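Reading through the C-alpha cells given below for one structure.
Bear in mind that the values here come from a model prediction, so they are computed numbers and not experimental data. Note: hydrogens, waters and symmetry copies are ignored here, and every other heavy atom, side chains too, is used. Residue numbers begin at 1 in each chain, while the letters A, B, ... track the order of the sequences.
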Amino acid sequence: MSAAIHNNSLSPWAGATVPAKCRIIKSEQQRRGHREVKKILMAAVALTAFGATPALAQEASFSVSGTVNAQCGAISNGTISFSGALDINAATGALNANQSASSSSQSVYCNGVNSKISVSSTPLDNKSIGAATDTADFTRTINYTPEVDFAGVVVNAGTALSLGAKAGTMVVSAKNLTALGGKRPYAGDYSGTITVSLAPAV
Amino acid sequence: MLHGSIARVVSEGAGSLIGGQRFMLLAAMLTAACAASPAGAQSIEIVATGTIPGKCTVAVASPFGGANLSVAGSVQASASVDCNNRFKLNALSSNGALVTATVLPTGSSFVRRLDYSLALSFQNDAGVTISATCPSAELTTGRGDCALSPANSAGLSSGAATAINRIAGLTVSWAPPALPARLVAGSYSDTITLSIAVQP
C-alpha cells in the first residue's frame, strides 16, 4: 500500500495512488491572480456604492417676460348735431337757454393705470357769413360747455384728469349754449370742435 | 484559497452601457490544476456587479426673448438636456400665468394675469421626438393634469431612450383675453423651472 500524500508540501512525491486533492501552489502567477481578483472585487464594490446613490433631479429656470403697452383705443371722431335749427326766441331773436346735444356713444378704453383725459373746445362759429364781425346786436359766436362722460367719469374742459385704466362707453356733449355777450346770433350754420385727449400711461 | 488566474472577464453590453443598468463581470473562473481528478476540482466564480449611475442635467441654452403681450404671439427658448438614462421632465410655473404687479381698482374690467401655454419638444437618442404642450395654470405646485405638470409623476418621459447632449425647444404662446376683459398695461413675468430626473 502506497503512502498517500496528505499534505500540501512541495516535496516531490511518487506513488501509485494519489487522492483527489488540489495542490495549492502559490506561484508568482497565482499571487498576481489573487491580486487581480481583489482589484475586481474592489472595483465592483465601488461601482455598487456609486449605483446606490440616487440621481438627483436637476433644474433650470427660465424667465418669461413681456409687456402690455399702455394705449387708449377705439376712439373715433364723431358729430354732435343739434336737431333742426337752434332754438331762437321768436319775439326777441335771442338764443333760448338750456340747449344741449350729445354725440352717439362709442366704446373706448385706456389700459394704463396712470392714463389721463383732457377736454378742450372751440366755440360754435357762424361759417355762413364769411368775415362778418359782431355788431352791437348780433354775434357770430355761440359758447357752450363741453362735457365728456367716459364710463361714468364726467370731464369738462380744463386740466387733465387722472383716468386710470378704464373701458366703457364715451359720450361727448355740448351743453348750455349761450350767445356771446347775450347778443342775438346771426342766422347761418354754426360749427365748433370738442377735442378729447386720452393720454395712456403705465 | 484561490487557485489559478482569471480565466475570463465578460462585460455584458459593455459597448452600450446605459446608466442604471447593471453589468456583470464574470471575474474569474478557476479550475484546479488537478484536472486528472475532476471530483476534487476546485473552482471559483466571482460575479461582480456594479451600476453606472443615472446622471441627468438640464440647463438654459438660450433664454426667452421679450414679448409684446398686447397681441397674440409666442417666444422661444431652449434647454440643453444631457441624460444617460431614460428620464422625465417636469415644469413648474411660479405664477401659473404671466402676471404684472400693477394694482387694479376694485371692479375694474382689466386683468393682470395672462394665461399661456408651454410647449416643450426634444428628440431622444432613438430619434423619437418627445413633446408636450401644457397650459400655464396646470404647471403650478401640486398640479398633475398635464405631462409637464410638476406633480405628474410620469412627467414628460423620454421613452426608453437617453438624450445625450440634446437641445429641447421651449415655446411660450399666448393670446389676449376675450373681451370685455383687457390686460392692464405693464410688465408681466413668470418663471418656469424645468426639472429633469432619471426614470427607473
Side-chain angles (χ1 to χ4, degrees), chain A residues 18-27 29-34 36-71 73 107 109-115 151 164-168 200-202, chain B residues 1-6 25 27-28 32-34 37 39-42 46 48-60 63-64 66-70 75 77 79 85 98 100 102 104-105 108-110 170 172 180 182-198:
Chain A
V18 177
K21 287 274 188 181
C22 290
R23 302 184 68 205
I24 307 301
I25 302 171
K26 289 187 175 179
S27 64
Q29 183 180 7
Q30 290 165 344
R31 282 193 288 273
R32 282 200 299 271
H34 293 180
E36 291 298 324
V37 170
K38 285 182 180 177
K39 287 179 182 177
I40 291 170
L41 286 172
M42 291 175 67
V45 170
L47 286 170
T48 303
F50 276 119
T53 303
L56 298 176
Q58 300 289 324
E59 295 181 344
S61 290
F62 292 82
S63 294
V64 189
S65 61
T67 302
V68 174
N69 295 321
Q71 59 186 20
S107 294
Y109 75 90
C110 287
N111 64 2
V113 294
N114 289 309
S115 299
K166 190 166 288 293
V202 177
Chain B
M1 296 182 66
L2 298 175
H3 184 100
S5 61
I6 299 171
L25 294 173
C34 45
S37 298
Q42 286 191 344
I46 299 173
T49 61
T51 302
I52 293 178
K55 184 179 180 183
C56 297
T57 60
V58 63
V60 176
F64 286 107
N68 176 10
L69 304 178
S70 300
V75 288
N85 195 86
L98 288 159
T100 182
T102 303
L104 291 170
S108 173
S109 63
F110 287 85
L170 290 82
V172 165
R182 286 185 174 89
L183 291 169
V184 67
S187 297
Y188 289 69
S189 65
D190 191 22
T191 300
I192 299 171
T193 301
L194 201 61
S195 62
I196 188 170
V198 168

(request) Mind listing the closest non-hydrogen atom pair of A/A165 and B/V184 along with its distance? (result) CB-CG2, 4.1 Å
(message) Please classify the contact of B/L98 with chain A as side chain, backbone, both or neither, using a heavy-atom distance under 4.5 Å.
(response) side chain
(message) Could you check whether any side-chain heavy atom of B/T191 comes within less than 4.5 Å of a side-chain heavy atom of A/V64, counting everything from C-beta outward?
(response) no
(message) If I compare all heavy atoms of A/F62 with all of B/A79, which pair ends up nearest, and what's the gap?
(response) CZ-CB, 3.6 Å
(request) List the atom of B/F110, the atom of A/A167, and the distance in Å for their closest heavy-atom pair. (result) CE1-N, 3.8 Å
(request) To the nearest 0.5 Å, tell me how far A/K166 NZ sits from B/S108 OG. (result) 8.0 Å
(message) For the interface with chain A, which of B/T100, B/L104, B/D190 has the highest count of heavy-atom pairs at distances below 4.5 Å?
(response) B/D190
(request) Starting at OG of A/S65, measure out to OH of B/Y188 and round the result to the nearest 0.5 Å. (result) 13.0 Å
(request) Select one option (side chain, backbone, both, neither) describing which atoms of B/V172 are under 4.5 Å from chain A's heavy atoms. (result) side chain
(message) Could you walk me through whether B/N68 and A/N69 satisfy the side-chain contact (heavy atoms from CB on, under 4.5 Å) test, starting with their C-alpha distance in whole Å, then the side-chain angles of each, then the deciding distance to 0.1 Å, before giving a yes or no?
(response) CA-CA 8 Å; B/N68 176 10; A/N69 295 321; 4.1 Å; yes
(message) If we define contacts as heavy-atom pairs under 4.5 Å, which of A/C110, A/G168, A/A151, A/P200 has the most with chain B?
(response) A/C110
(message) Ignoring hydrogens, what is the shortest heavy-atom contact between A/Q58 and B/V58? Give both atom names and the distance.
(response) O-CG1, 3.6 Å
(request) Determine whether B/R182 and A/N111 make a side-chain contact, defined as any pair of heavy atoms from C-beta on separated by less than 4.5 Å. (result) no
(request) Calculate, to the nearest 0.5 Å, the distance between atoms OG1 and CG belonging to B/T102 and A/N114 respectively. (result) 9.0 Å
(request) Work out which heavy atom in A/V68 is nearest to a heavy atom in B/L69; give both atom names and the distance. (result) CG2-CB, 3.6 Å
(message) On a heavy-atom basis, which atom in A/A60 and which in B/V60 lie closest, and how many Å separate them?
(response) CB-N, 3.9 Å
